[in-house]
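Reviewing the structure listed below.
Only heavy atoms go into these numbers, but all of them, side chains included; no hydrogens, no water, no symmetry mates.
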Amino acid sequence: METSITIIGLALSFLIAIPIFYSIRSNSLNKSKINSIINQYSQPGNFKFEVIDTLNKKVLAFDEHNKGFILMDFNPKTESNSFINLNDVQSCKVNVTKDSTTDDTNQVDLEFQYKNSKKSESIPFYKIVNDQMGQLCLYEDHQLAKKWKSLIDNCITK
């Protein structure tokens, strides 16, 4: 009787410990990835990214003093990093792309308009192809894009 209880207790312990182990391992890998990307962009212009925000496999870093912005997207399909030197940016806006037939939001972008050239650069904040459950993360990502647009606008106007 005691042996069977011990075996069941060990089995339950392993069932609980294995997911926790993989979760901790994944978080440490992501933290090392984030730190290496931030260090990569910190070197050339001596940026010091202090404001860091994380949501839905996205990490945003911001240097308000030297005016730098990084968006790291760790989606399983397409992993990407984008760096914007805000000293060269005139304006920022949030673009929402919708499907004309269903009126569903397909993409939310931050669009940066540069000062000297009239070119613009868009950084995707939300893509429906990366949302595995169909617009589950849309609201949160859209609110995050609005929040960071206001932070970036405040930085540009200084």
Side-chain angles (χ1 to χ4, degrees), residues 17-99 102-158:
I18 290 172
I20 292 173
F21 169 75
Y22 282 113
S23 175
I24 291 170
R25 183 174 162 244
S26 174
N27 285 341
S28 68
L29 289 174
N30 284 344
K31 284 182 183 180
S32 65
K33 263 187 192 178
I34 291 166
N35 288 336
S36 69
I37 292 168
I38 287 176
N39 289 337
Q40 173 188 350
Y41 288 112
S42 294
Q43 300 301 324
N46 296 324
F47 291 99
K48 185 178 179 188
F49 297 98
E50 298 160 346
V51 180
I52 297 176
D53 207 356
T54 305
L55 180 71
N56 297 332
K57 296 186 180 181
K58 287 176 192 51
V59 178
L60 299 106
F62 183 60
D63 180 358
E64 191 171 8
H65 185 277
N66 295 318
K67 298 185 178 184
F69 172 73
I70 299 175
L71 172 68
M72 296 168 261
D73 194 354
F74 295 113
N75 276 309
K77 295 179 183 177
T78 56
E79 214 173 273
S80 65
N81 307 316
S82 302
F83 172 77
I84 301 289
N85 186 346
L86 298 175
N87 291 311
D88 303 331
V89 173
Q90 179 180 356
S91 65
C92 174
K93 66 179 180 178
V94 176
N95 285 339
V96 178
T97 307
K98 293 189 176 215
D99 186 3
T102 61
D103 203 35
D104 289 339
T105 301
N106 290 335
Q107 190 164 330
V108 176
D109 296 328
L110 273 180
E111 184 179 320
F112 297 92
Q113 183 70 39
Y114 288 98
K115 291 178 184 176
N116 297 335
S117 64
K118 292 301 174 188
K119 74 172 192 162
S120 62
E121 182 177 351
S122 291
I123 297 177
F125 235 84
Y126 169 84
K127 288 183 180 179
I128 196 163
V129 295
N130 293 335
D131 198 351
Q132 297 163 346
M133 298 180 115
Q135 294 192 341
L136 183 68
C137 302
L138 172 62
Y139 179 75
E140 292 172 339
D141 286 350
H142 193 213
Q143 293 304 314
L144 187 67
K146 287 178 183 178
K147 172 187 169 186
W148 278 86
K149 181 214 175 291
S150 67
L151 283 172
I152 291 167
D153 283 343
N154 290 338
C155 180
I156 292 172
T157 57
K158 285 185 182 178

Quiz item: So with a 6.0 Å cut-off around NZ of Lys115, is the heavy-atom count from everything else above 12?
Solution: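 It does: Lys115 NZ has more than 12 such atoms within range.
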Looking at [atom1] of [X] and [atom2] of [Y], how far apart are the two atoms once the value is rounded to the nearest 0.5 Å?
X	Y	atom1	atom2	value
Phe125	Glu140	CZ	CD	12.5 Å
Glu50	Ile52	CD	CD1	9.0 Å
Asn154	Lys149	CG	NZ	9.0 Å

Quiz item: Judged by atom type as modelled, is there a donor-acceptor pair below 3.5 Å linking the side chain of Lys58 to the main-chain atoms of Leu71?
Solution: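 Not at all, since once roles are kept as given, no pair shorter than 3.5 Å links the two residues.
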Which donor-acceptor pairs under 3.5 Å do the side chains of residues 87-95 make with protein atoms, sequence neighbours left out?
residue	atom	partner	partner atom	Å
Asn87	ND2	Asn66	O	3.2
Asn87	ND2	Asn85	OD1	3.1
Asn95	ND2	Glu111	OE1	2.4

Quiz item: Can you name the one residue among Asn81, Ile84, Asp109 that meets side chain to side chain contact (heavy atoms under 4.5 Å, CB included) with Ile123?
Solution: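 So the option named by the test is Ile84.
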Quiz prompt | Passing candidate, side chain to side chain contact (heavy atoms under 4.5 Å, CB included) with Leu60, options Leu110, Ile70, Leu144, Asp73 | solution =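 In the set Leu110, Ile70, Leu144, Asp73, the residue that makes a side chain to side chain contact (heavy atoms under 4.5 Å, CB included) with Leu60 is Leu144.
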Self-check item: Nearest non-hydrogen partners of Ser120 and Gln113, listed with the distance
Solution: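 Looking at all heavy atoms of both residues, the shortest contact is CB-OE1, 3.5 Å.
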Quiz prompt | Phe69 versus Phe49, closest heavy-atom pair with distance | solution =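 Where Phe69 meets Phe49 most closely, the heavy atoms are N-CE2, 4.0 Å.
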Within the 4.5 Å heavy-atom criterion, are [X] and [Y] side-chain neighbours or not?
X	Y	result
Ile38	Phe47	no
Ile34	Phe74	yes
Asn116	Tyr114	no

Practice problem: Check ring-ring contact (aromatic ring centres under 6.0 Å, His included) between Phe62 and all other residues, then give those that pass, not counting sequence neighbours. | Solution: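 Only Trp148 meet the ring-ring contact (aromatic ring centres under 6.0 Å, His included) criterion with Phe62.
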Quiz prompt | Candidate pair Asp53 and Lys147, rule side-chain contact (heavy atoms from CB on, under 4.5 Å), full reasoning | solution = CA-CA 11 Å; Asp53 207 356; Lys147 172 187 169 186; 2.8 Å; yes
